[in-house]
Colleague: 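Following this message is one structure expressed as structure tokens.
Every number for a ligand or one of its atoms is a count from 1 in the order of the listing. Note that these values count all heavy atoms, side chains included, but never hydrogens, waters or copies made by symmetry.
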Amino acid sequence: MKFSLSVATVAMAISVANAQVGMWGQCGGNGYNGPTNCVSGATCQKLNDWYYQCLPGQAPQPTTTQAPPEPTTSVVIPPTTTSTGTTPTTTVAPPAGAPSAGPNGLHAKMVAKGRYYFGTAVDQNTLSQSVISNIVKEEFGMLTPENSMKWESTQPSRGQWRLDGGDYLVNYAQQNGKHVRGHTLLWHSQLPGWVSQINDAATLTQVLENHVTTLVTRWKGKIQHWDVANEVFEDNGQYRNSVFYRLLGERSIEIAFRAAAKADPNCKLYLNDYNLDYTSSKLTNFIALVNRLKAAGVPIHGVGTQSHLMVGNGAIPTFKNPLQMLHDTGLDVAITELDIRMKMPSDNSKVQQQSRDFQTVVKACLDLPRCVGITVWGVSDKDSWVPSTFQGEGDALLWNNNYQKKEAYTAVANALA
Ligand code: G3I
């Protein structure tokens, strides 16, 4: 009996030792006890402390000149390109040497006011159009990936990474001297089913830490701000009933911030939300959370207010009040997704009101010293998320469907003059 048990144990050990991990499978990392040998054609490579993955090709060999075989699919962690940018050490001064944007654009005007940036949301689908790229190069100094760094885009299946969309934006930013606001690491939306279906806290903790660490490490030094957590509150001010809150509670936010800070200690880490444009229990609870995180020593540096607004909304004239309340947290404040939509069709009165509303928002930011930047959520009305989400509404941005500057653009430029 004793003999046969020993044989079984040895046989099992041999079989684990001989077991091979398939392409894309996990082959190492903290707490991992499985096989570590990759199938032929793959090499076990460290993505971070918690996750090693079998990736196509050989590990880089310094003594050989032979290039590793090209991956046959985009579901890989491709090598990052060499950085030519610098990481800012402050949230206000732009990195030395970065051309940023044209001398007459919105970004240059914002910097002349002592702020960090004026930005927009783009991705490969928009940036690859020369008409948009030309506007971006001239006008904007900070780029937010509209969709490409979200969870469903970056890790659609567990351990399978699609970082080409984020790489495109980051490479564009590097080549054109732009800053980047990473968006977003912990969010209930655009979250793949495999994450929502996790039902134990330990697994979710590991998955969340791994996701945050992998993304922040990937673009370390090239992303100046990250929206670490997005929209954790419902409109009634209660915590959103996401898988993160159900299994981990408020600790999920702390886990994400700590992992992000560990991966890139120089990046400014933000808590971001919408409907913070007027006093409400949501705003109160958002600020209370920020203060709890600060008191607990969680590395949080900024608060983002998305500011998806509607032309003529009664809260806009007092926009400065909630912004002041966010500012009173002592953290940096950013307006992260500004657009001001209107009921279509447009008319002169709505256009004039929209110009006044944009000016109100921009001036509110300029009135507060730690309001570091403003991002408009897209370049032209043609590419805005608004018409497909709010039926019968649109015209929310600064360039029209033909990529011409609108009155609202002039209003913003004048407010920054
Ligand atoms: O990628 C798929 C494509 O494969 C498919 O063919 C197509 C068909 O509809 O859909 C594509 O996905 C779309 C995705 O954008 C990428 O273009 C989704 O349908 C669409 O719903 C998604 O919308 C984005 C939305 O977030 C999702 O919640 C908007 O572009 C984006 O502007 C918007 O941004 C959010 C911020 O991240 C957070 N704050 C609110 C803001 C506005 O909703």
Colleague: Are any of the protein's heavy atoms under 4.0 angstrom from atom 12 (O) of ligand 1, yes or no?
Modeller: no

Colleague: Please report whether atom 5 (C) of ligand 1 has a protein non-hydrogen atom at a separation of less than 4.0 Å.
Modeller: no

Colleague: Which of the numbered atoms in ligand 1 are under 4.0 angstrom from any heavy atom belonging to E231?
Modeller: 38 (C), 39 (N), 40 (C)

Colleague: Check this for me: does any side-chain nitrogen of one of D227 and R181 sit under 4.0 Å from a carboxylate oxygen of the other?
Modeller: yes

Colleague: Flag atom 24 (C) of ligand 1 as yes if some protein heavy-atom distance to it falls below 4.0 Å, otherwise no.
Modeller: yes

Colleague: Please evaluate residues W226 and Y270 with respect to the criterion ring pair (Phe, Tyr, Trp, His ring centres under 6.0 Å), reporting the C-alpha separation (whole Å), side-chain torsions for both, the decisive distance (0.1 Å), and the verdict.
Modeller: CA-CA 6 Å; W226 260 108; Y270 276 70; over 10 Å; no

Colleague: One thing to verify: whether D167 and R218 come together as a salt bridge, which I'm taking to mean a side-chain N less than 4.0 angstrom from a carboxylate O.
Modeller: yes

Colleague: Any protein heavy atom sitting closer than 4.0 Å to atom 21 (O) of ligand 1?
Modeller: no

Colleague: Give the single entry among Y274, W377, W187 that approaches atom 34 (O) of ligand 1 most closely by any heavy atom.
Modeller: W377

Colleague: Identify whether NZ of Lys or CZ of Arg in R240 sits under 6.0 Å from the centre of the six-membered ring of Y245 and within 45° of that ring's axis.
Modeller: no

Colleague: Counting from 1, what ligand 1 atoms have a heavy atom of H183 closer than 4.0 Å?
Modeller: 36 (C), 37 (O), 38 (C)

Colleague: To check your reading of the model: name the closest protein heavy atom to atom 17 (O) of ligand 1, its residue, and the distance in Å.
Modeller: N147 ND2, 3.8 Å

Colleague: What protein heavy atom sits nearest atom 32 (O) of ligand 1, and how far off is it?
Modeller: E146 OE2, 2.4 Å

Colleague: Check whether R370 reaches the backbone of G330 with its side chain - one donor and one acceptor, N or O, closer than 3.5 Å.
Modeller: yes

Colleague: May I ask you to identify the nearest protein heavy atom to atom 41 (C) of ligand 1, giving residue, atom name and distance to one decimal place in Å?
Modeller: E337 OE1, 3.4 Å

Colleague: Would you compute the distance between atom CG of L143 and atom OG1 of T126 and round it to the nearest 0.5 angstrom?
Modeller: 9.5 Å

Colleague: Heavy atoms of the protein only: does one fall short of 4.0 Å from atom 39 (N) of ligand 1?
Modeller: yes

Colleague: Counting each atom of ligand 1 from 1 as listed, which ones have a heavy atom of H308 under 4.0 Å away?
Modeller: 40 (C), 41 (C)

Colleague: Between E139 and K405, is the closest basic N to carboxylate O distance under 4.0 Å?
Modeller: yes

Colleague: Strictly under 4.0 Å, does any heavy atom of N230 approach an atom of ligand 1?
Modeller: yes

Colleague: Hey, does the Lys NZ or Arg CZ of K282 hover above the aromatic six-ring of Y274, less than 6.0 Å from the centre and inside 45° of the axis?
Modeller: yes

Colleague: To the nearest 0.1 Å, how far is atom 28 (O) of ligand 1 from its closest protein heavy atom, and which atom is that?
Modeller: Q190 OE1, 3.3 Å

Colleague: For the residue pair Q175 / N171, report whether a side-chain donor-acceptor contact shorter than 3.5 Å exists.
Modeller: no

Colleague: So between E152, M149, K150, whose heavy atom ends up nearest atom 33 (C) of ligand 1?
Modeller: K150

Colleague: Can a salt bridge be assigned to the pair E209 and R258 using a cut-off of 4.0 Å between side-chain N and carboxylate O?
Modeller: no

